[in-house]
Amino acid sequence: MIFHKTPISGLYLVEEKRIEDDRGFFARTFCEAEFAEHGLNTEWAQNNRSYNVHKGTLRGLHMQSDQHAEVKLVSCTRGKIWDVAVDLRPDSPTFKQWYGVYLEENDGKYFHIPKGFLHGYITLEEHSEVHYKVSDPYQPNSEVGVLWSDKELAIEWPITPQFISSKDEEAVLLEELL
Ligand SMILES: Cc1cn([C@H]2C[C@H](O)[C@@H](COP(=O)(O)OP(=O)(O)O[C@H]3O[C@H](C)C(=O)[C@H](O)[C@H]3O)O2)c(=O)[nH]c1=O
């Protein structure tokens, strides 16, 4: 696999190394040894899948707090998304900085998001689907949400959300969380 660093420590865009032949290609979608070699997470508790009917669906910004914090490995298996991670690690030199990547069907890309990050995405095509591994089990009582349009974060979403859950509509501002 190919590991692309980002300006934020621990945040990586991992790419499949496709071995092609006349049948098509073979690629690893996860490899414990290679992830460990780059200091990335190797233990996963859940594989999650979210399907979105419409373009302009926004899910997030979410994270689980403290001992239930999750590492996520996010891929887009249908359509296209703009995927965003926000560094809320208190001691990080990039505290409160966000970083976004486009993920799309068959791009062979996986966004590795460490513990302590808010995560969210917006769909850029209808019927977009996201598959992601999480390192820790779902603990709804530990979930934290921040408003996608928070002015302090100033995330540059490529399009305006059209579909968003009431829970996400009513999320708090970052200043209320910290
Ligand atoms: C995450 C999760 C949810 N659920 C249930 C809870 C609700 O009944 C239903 C939808 O949950 P929610 O509206 O929180 O789903 P998303 O808005 O996609 O939330 C996710 O969106 C952002 C992008 C994330 O990174 C998180 O994984 C997660 O917060 O699935 C479960 O049963 N198990 C789970 O692991």
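Position 1 is the first residue of the sequence, and the numbers go up from there. Counting convention: from 1, in listed order, for ligands and their atoms alike. Since this is a predicted model, take the numbers as computed values, not measurements.
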Tell me, with the steps shown, if Glu15 and Phe3 meet side chain to side chain contact (heavy atoms under 4.5 Å, CB included).
CA-CA 6 Å; Glu15 199 173 354; Phe3 293 80; over 6 Å; no

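Other residues, nucleotides and ligands contribute more than 12 heavy atoms inside 6.0 Å of the CZ atom of Arg18.
Side-chain contact, His127 with Glu125: no donor N or O sits under 3.5 Å from an acceptor N or O.
Protein residues with a heavy atom under 4.0 Å from ligand 1 are Gln46, Arg59, His62, Lys72, His119, Tyr132, Tyr138, Glu143, Lys167.
Residues Tyr110 and Glu16 have side chains in contact (heavy-atom distance under 4.5 Å, counting atoms from C-beta outward).
Note that the OH atom of Tyr121 and the CZ atom of Arg59 stand 4.5 Å from one another [nearest 0.5 Å].
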Which donor-acceptor pairs under 3.5 Å do the side chains of residues 88-96 make with protein atoms, sequence neighbours left out?
{"unit_1": "Arg89", "atom_1": "NE", "unit_2": "Asp87", "atom_2": "OD1", "d": "2.9"}
{"unit_1": "Arg89", "atom_1": "NH1", "unit_2": "Ser9", "atom_2": "O", "d": "3.0"}
{"unit_1": "Arg89", "atom_1": "NH2", "unit_2": "Ser9", "atom_2": "O", "d": "2.9"}
{"unit_1": "Arg89", "atom_1": "NH2", "unit_2": "Ser9", "atom_2": "OG", "d": "3.1"}
{"unit_1": "Arg89", "atom_1": "NH2", "unit_2": "Asp87", "atom_2": "OD2", "d": "3.0"}
{"unit_1": "Ser92", "atom_1": "OG", "unit_2": "Asp87", "atom_2": "OD2", "d": "2.5"}
{"unit_1": "Ser92", "atom_1": "OG", "unit_2": "Thr94", "atom_2": "N", "d": "3.0"}
{"unit_1": "Ser92", "atom_1": "OG", "unit_2": "Thr94", "atom_2": "OG1", "d": "2.9"}
{"unit_1": "Thr94", "atom_1": "OG1", "unit_2": "Asp87", "atom_2": "OD2", "d": "2.6"}
{"unit_1": "Lys96", "atom_1": "NZ", "unit_2": "Glu152", "atom_2": "OE2", "d": "2.6"}

